[in-house]
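Heads up, the thing below is written out as structure tokens.
Computed over heavy atoms, backbone and side chain alike; hydrogens, waters and symmetry mates excluded. Order of the sequence lines fixes the chain letters, A, B, ..., with proteins taken first and strands second; residue numbering starts at 1 for each chain.
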Amino acid sequence: MPELPEVETYRRYFEATCLFQPLADIQVEDTKLLTTDYDVLVAALRGRQFVATQRVGKNLFVETDGGFFVHFHFGMTGDLAYYQYDQEQPRFARIIFYFQNGYRLAFICPRKFERIGLVDDVKAYLLKKRIAADALAITPEELGQTLARKKALIKPVLLDQSVVAGIGNWIVDEVLFQARIHPERLASSLTSLEVQALHEAIQKVLLTAIQYEANYALFPQDFIIHAREWALSPYPDQGQHLLCPRCQQKLQIKQVGGRTTYFCPVDQPYVLSF
DNA sequence: GCGCTTGTTAAAGT
DNA sequence: AACTTTAACAAGCG
């Protein structure tokens with residue numbers, strides 16, 4: 001589930017569990033998950049401690065006492081689990097950090113889209129990978145200037161990590177719903193009022209999601225995310241959640257920019273009504 | 001068993 | 001050339 005709020009939750013979890021404990025070893029099930037050679041990774045980390053964490057978009061950087069960083073990307077399904085050596089190993093724990101105190105940190109990778117590697121310079125890494133300002137840090141002006149020169153649809157533009165970092169497919173739908181903007185509007189066609197609304201919605205959705213530690217079932221009832229199938233379990237009557245939580249009209253579901261998109265055609269009209 | 005999936009990116013298209 | 005769109009990646013899940 002790793003969009004920005006999940007990664008922020010993982011960052012806090014890592015910070016609360018894994019700092020200041022010397023590493024003994026690292027076990028890797030599939031070296032495709034590594035962006036640094038296994039031997040290099042182990043040689044660099046053995047005996048080292050993690051000392052600090054920072055997050056940009058969906059990227060987690062963990063600083064070591066050697067001055068370099070370990071970069072985590074959680075792909076579509078990555079997760080973390082910290083547990084004692086005699087506890088059962090979680091499923092899909094494909095990379096395991098062994099601490100000298102007997103605890104372990106599992107990097108859980110069900111679909112192998114996750115990545116770990118060494119990074120010397122976070123700024124240089126972000127530049128090289130063209131990762132833009134974090135979605136919680138970007139200013140309305142910065143966002144507006146970038147959107148103004150984009151010819152693509154607003155939804156795929158917001159998903160582009162080189163425009164703003166941290167927004168994924170479910171959050172972009174929520175943000176556009178809260179800002180009442182149709183996902184197929186051209187990014188450059190947004191008025192300054194709409195850009196302002198968009199920026200406010202990004203803040204609101206992300207801060208809400210972080211507050212609930214990305215547990216979507218706890219989100220306010222007027223969030224469109226409850227229409228997503230996976231969120232239905234706490235709600236026996238599935239049908240009612242395919243209606244707009246604001247106007248109760250039927251939601252529209254279609255592919256936009258190649259991704260499944262939920263929106264309310266009434267509350268998010270394509271044509272401006274003012 | 002089929003189609004779907006929260007992300008990224010190389011390749012193709014304009 | 002530069003920007004945009006699409007397909008592919010891997011594997012689990014319903």
Quick one: is [X] getting a side-chain N or O under 4.0 Å of the [N] phosphate, OP1 or OP2?
X	N	value
A:Lys151	C:dA2	no
A:Lys150	C:dT4	yes
A:Thr260	B:dT5	yes
A:Gln161	B:dT8	yes
A:His73	B:dG7	no
A:Lys129	B:dT8	no
A:Arg91	C:dC13	yes

Practice task
Looking only at side-chain atoms of A:Lys32, point me to the closest of C:dA10, C:dT4, B:dG7.
Solution key: C:dA10
Problem - Residue A:Phe92, side-chain atoms from C-beta onward, closest of B:dG7, C:dA10, C:dG12 - result: C:dG12
Please state how far atom [atom1] in [X] lies from atom [atom2] in [N], giving the value in whole angstrom units.
X	N	atom1	atom2	value
A:Leu186	C:dT5	CG	P	9 Å
A:Phe113	C:dA7	CZ	C1'	12 Å
A:Lys155	B:dG7	NZ	P	9 Å
A:Met76	B:dT8	CE	C1'	10 Å
A:Arg111	C:dG12	CZ	P	9 Å
A:Arg149	C:dC3	CZ	C1'	11 Å
A:Asp79	C:dG12	CG	C1'	15 Å
A:Asp160	C:dT5	CG	P	11 Å

Using a 4.0 Å heavy-atom cut-off, does [X] contact any base of the nucleic acid, only the sugar-phosphate backbone, or nothing at all?
X	result
A:Glu114	nothing
A:Gly168	sugar-phosphate
A:Arg130	nothing
A:Phe74	nothing

Is it true that the side chains of [X] and [Y] contain a donor and an acceptor less than 3.5 Å apart?
X	Y	answer
A:Gln252	A:Thr261	no
A:Tyr270	A:Glu184	no
A:Arg115	A:Thr35	no

Practice task
Taking only Lys NZ, Arg NE, NH1 and NH2, and the carboxylate oxygens of Asp or Glu, determine whether A:Arg12 and A:Glu15 approach each other closer than 4.0 Å.
Solution key: no
Problem - Geometric cation-pi criterion A:Arg55 and A:Phe14, 6.0 Å radius, 45° cone - result: no
Handout entry: Which residue lies more 5' along DNA chain C, comparing A:Arg259 with A:Leu153 via nearest heavy atoms
Key = A:Leu153
Exercise for the section: Using the P atom as the reference point in each nucleotide, state the distance between C:dA1 and B:dT9 in Å, no decimals. Expected result: 23 Å
Problem - Criterion salt bridge (Lys or Arg N to Asp or Glu O under 4.0 Å) against A:Asp30, the qualifying member of A:Arg94, A:Lys112, A:Arg111 - result: A:Lys112
